[in-house]
Amino acid sequence: MDSFICLDRNKLTPGYSNFPILPLIFAGMSAYLDELNESQRLAVINYEGPSMVIAGAGSGKTRVLTYRIAYMIDQGIDPFNILALTFTNKAASEMKERITKIVGDSDARSVVMGTFHSVFSRILRINSERLGFPQNFTIYDTQDSKSLIKDIVKELNLDDKLYKPSVVYGRISTAKNQLVSSDEYANNAEIISEDYANKRPMMATIYKTYVTRCFKAGAMDFDDLLFYTNVLLRDFPDVLQHYQYKFRYILVDEYQDTNFAQYLIVKKLAAVFENICVVGDDAQSIYSFRGANIQNILNFRKDYPDFQLFKLEQNYRSTQVIVEAANSIIKNNRDQIEKKVWTENDLGTKIKIVRTLTDNEEGNLVANRIFDMKRGEGLEYRDFAILYRTNRQSRAFEEALRKLNLPYKIYGGLSFYQRKEIKDILAYFRLATNLKDEEALKRIINYPKRGIGQTTQEGFIIKSAEKGLTFFEGLTDPDILNAFASGVRSKITEFTTMIQSFHAQIDKLPAYDMAMEIAKSSGLLKELYNEKDKGPEEVERYQNIEELISGIKAFTQQNQENETKTLPEFLIDVALLTDADEQKDEDRNKVSLMTIHSSKGLEFKHVFLVGLEENLFPSQMSLHSRAELEEERRLFYVALTRAEKTCTISYANSRFVFGSLQTSEPSRFITEIDRQYTEHETTQHGGGRSLKSGRIAEPAFSGGLNRLSTPPAKNLRSLDELKQSNGTNPDFQASSLSDLKVGYNVLHETFGRGKVIQITGNGDDKRAVIFFPKEGSKTLLLRFAKLQIVEE
DNA sequence: AACAACGGGCTTTTT
DNA sequence: GCCCGTTGTT
């Protein structure tokens, strides 16, 4: 929640800066270089000229990037001249944090660091008038864009089945990512014939209308941020030159995920000094569906023929088994850069492959294993992750984890800022900031209910368009107003007066004051407050609003230079934030559930990779082409390489798809893993408690692995050793007690064998009376009791 | 204008 | 199975 508060707002002031004279180089400042291996060190110290770093999974890529920047600063490069582009806000803030530790706060703060979208949205704001956009332009999120497209399709009297917002949006988005403007789109024979073939001849018209409407609304969508940055740098040479000189050193993280629009921005900015460093791993390119172009990596050598290439191939994250298994998968791909990832880490245990009957059973199995492993090996919840292909799969795991009282956190899904109540209040902020923001206006004109219904709205929209006015201008236009009944007129005027009064104060009042005023005067706060007793969801909504407002309060008070932070400033980054960027304290020690996509860049001791079934993973949508299948395979590679110690792969024989039971085949990816690194487990059905099948580490592998570059693994016996050293009975394994019943025979570590006599209480207060022949009857709080179920 | 009931489509991934 | 939007009802 408060990451946007902490996010440093780099000042990208217009106007030319004086180029600083480089201070002398001081030797001995760079002790941290000793922490690097040879190839990492080379990648850090050779910071002049174009270079490409191919960084295998877990090879210390972030370390190289941060040290490289720190080293540059140590060598006298002005941090003000460094631009570092990352893929997520989280990556940017992490890197900034690490750099701060090395070079100190003030230097670190001067480095411009952020995602393409956030960095260039700020540059666009500074130069907005060149493009005819207001400085406070709105950023439309996907929802806004689709809603606008829907309106346009309706206004053009087109078939909304044929021109589905998601399809149209995707098409426009692809075009913009390729820097194809709406005019170029309309004039491109190939594109047009494609649209005709798909029976969507009006696509070009929709695209053009969409662009016009966004412009009139003073709004840019996600893709526009990159598109218009290109326009800005193309049409205004002085602007281009300014940023070329400002950003003399450019670093791009996750280069394999950049699209053409991003590629060209970087190329242009780097054209003068060519101090460009791109870091990436072609094997981890998983975003081609949104325009990422793996060719950007391959083209790098053409653009900068004398570039330096650094390969980071030593993996520090995972066991040999994981690394080699991952290698064995990825070699099935045709398109890739030659490299060999290796590790000096322990051999580790084989990848377990388990089958369950249903998706629910898969959930129970994984939850039970986590429960058992955590108890048995003294692990933390945070050591576990469940990774899946699609968000909808989270459900079964969620339920199973809840049954066992295991704390978990689901990442992805609906972000905080996409919740209805948050979007509603933000829409007020947006409209008050930018009166032209049509999507915001549509959202709130009758929310809370103020008697301005659909017919009235449509009337105003049509009449405003006829007069060439924006929706909001139409609402205040005397001629248009007079066409409506006096009751309607007064309601409209009351609304517009309120918004205008917000608008008049918005640049003057501190963000928090303004936000409170809007929340109160709009009636929104009251509306949500009144609904609070309806149910827990309503309470949560109210709390979300409270959370947002307290976030704004913190933002307002951050006040570094004693300046007043206003609401429009608050809005700048909000559209670009997802709560994947934020980590609340209470979420720190929980089992993580997320899609493989969102797991990129993360690591976990123990990974459960679930739903490995044909048509699910690889996704059915990917089976049309080799390229798509290879992307799925890279996704599998990413998933596997998240694991430090163990990876358990599961699949279900059948699962519910769209409400009906479908049978499924195991994924082809399972068999693609070199067999010497896997073991298939058989489980008993009905929830998969692993008591009897045992999860004691397997004995050493036979043959095959000897060719690995390191001595035999120490940790083959580690599980047993760990147990011994903890002084506990190696045979003792605490069981999940959620379905303990009267009559069960159990084993207690000190009391020995006993029988359950009675169970009382619920939840945390659940107790069992157990009779131990040696000790007599004991009442144990199940929350703490460590019992092994011997017999049911 | 407000609410309930119904039906359709959806599910790949997200800055 | 669920969410969303549309339709029908008062």
Side-chain angles (χ1 to χ4, degrees), chain A residues 85-92 114-121 139-143 145-147 150 154 160-161 164-167 169-170 173 176-177 220-226 253-254 257-259 261-262 284-292 359-360 387-396 399 411-415 417-418 420 446-457 487-488 491 573 575-581 594-601 611 615-624 628-629 631-632 634-636 638-639 655-662:
Chain A
L85 295 166
T86 61
F87 199 60
T88 61
N89 293 310
K90 191 174 155 195
T115 62
F116 276 87
H117 290 87
S118 79
V119 168
F120 295 113
S121 72
I139 297 174
Y140 275 176
D141 67 13
T142 313
Q143 223 180 82
S145 299
K146 287 183 181 171
S147 148
K150 201 181 162 196
K154 199 172 170 188
D160 59 358
K161 295 266 183 332
K164 278 186 280 195
S166 54
V167 173
Y169 178 74
S173 174
K176 284 183 183 169
N177 287 162
M220 293 198 195
D221 67 17
F222 276 148
D223 304 312
D224 285 335
L225 296 175
L226 305 175
D253 193 11
E254 308 282 16
D257 287 330
T258 52
N259 60 36
Q262 291 165 322
Q284 296 184 66
S285 161
I286 54 173
Y287 282 103
S288 75
F289 69 92
R290 65 178 203 223
D359 45 358
N360 285 328
L387 307 181
Y388 35 75
R389 180 65 179 82
T390 67
N391 276 310
R392 64 150 187 255
Q393 289 167 257
S394 68
R395 199 192 191 90
E399 283 171 10
Y411 292 84
L414 201 59
S415 107
Y417 302 98
Q418 288 170 344
K420 185 190 177 301
N446 200 30
Y447 180 78
K449 298 279 153 61
R450 47 174 74 84
I452 307 175
Q454 199 189 343
T455 7
T456 315
Q457 289 182 40
V488 176
K491 285 173 190 162
D573 286 318
L576 300 173
L577 283 178
T578 58
D579 50 17
D581 306 325
M594 63 182 80
T595 63
I596 301 168
H597 280 90
S598 28
S599 76
K600 186 157 166 213
N615 297 329
L616 181 59
F617 192 20
S619 157
Q620 191 168 19
M621 321 293 281
S622 73
L623 299 179
H624 309 298
E628 283 172 299
L629 185 65
E631 174 141 325
E632 294 283 305
R634 292 192 293 270
L635 197 53
F636 185 50
V638 168
R655 69 172 59 238
F656 276 94
V657 183
F658 303 145
S660 66
L661 200 64
Q662 306 256 306

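Here is the naming used below: chain letters follow the sequence lines, and residue numbers restart at 1 for every chain.
Taking 4.0 Å as the cut-off between side-chain N and carboxylate O, A:Lys176 and A:Asp224 count as a salt-bridged pair.
Rounded to an integer number of Å, the gap from CZ of A:Phe656 to C1' of C:dG1 is 9 Å. Separating the OH atom of A:Tyr169 from the P atom of B:dT14 is a distance of 14 Å, rounded to the nearest angstrom. Residue A:Leu616 contributes atom CG, which lies 12 Å from atom C1' of B:dT13 at whole-angstrom precision. Taking atom CE of A:Met594 as the reference point, atom P of B:dT13 lies 15 Å away to the nearest angstrom.
Considering only side-chain atoms of A:Thr455, the nucleotide from C:dG1, B:dA1, B:dT15 that sits closest is B:dA1. Nearest to the side-chain atoms of A:His597 among the listed nucleotides C:dC2, B:dT14, B:dT15 stands B:dT14.
Nucleic acid contact for A:Gln620: none, since no nucleic acid atom lies under 4.0 Å from a heavy atom of the residue.
The cationic group of A:Lys164 does not satisfy the cation-pi geometry with A:Tyr169, failing either the under 6.0 Å distance to the six-membered ring centre or the 45° limit from the ring axis. With a 6.0 Å cutoff to the six-membered ring centre and a 45° limit on the axis angle, A:Lys600 does not count as a cation-pi contact of A:Tyr287.
When the side-chain nitrogen and oxygen atoms of A:Ser598 are compared with OP1 and OP2 of B:dT14, one or more of them lie within a distance under 4.0 Å. Listed pair A:Lys146 / C:dG5 fails the phosphate criterion, with no side-chain N or O lying under 4.0 Å from OP1 or OP2. Contact check, A:Asn391 against B:dT13: a side-chain N or O comes under 4.0 Å of OP1 or OP2.
B:dT13 has A:Phe289 stacked on its base ring, the centres lying under 5.5 angstrom apart and the planes within 30 degrees of parallel.
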Response to the item:
For nucleotides 2-10 of chain B, 5' to 3', base contacts (B), sugar-phosphate-only contacts (S) and non-contacts (-) with protein non-hydrogen atoms under 4.0 Å give S------SB

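Residues A:Lys146 and A:Tyr140 have side chains not in contact (no heavy-atom distance under 4.5 Å, counting atoms from C-beta outward). Looking at heavy atoms from C-beta onward, A:Ser622 lies out of side-chain contact with A:Glu631 at the 4.5 angstrom threshold.
Taking the six-membered ring for Trp and the full ring otherwise, A:Phe289 and A:His597 have centroids separated by under 6.0 Å.
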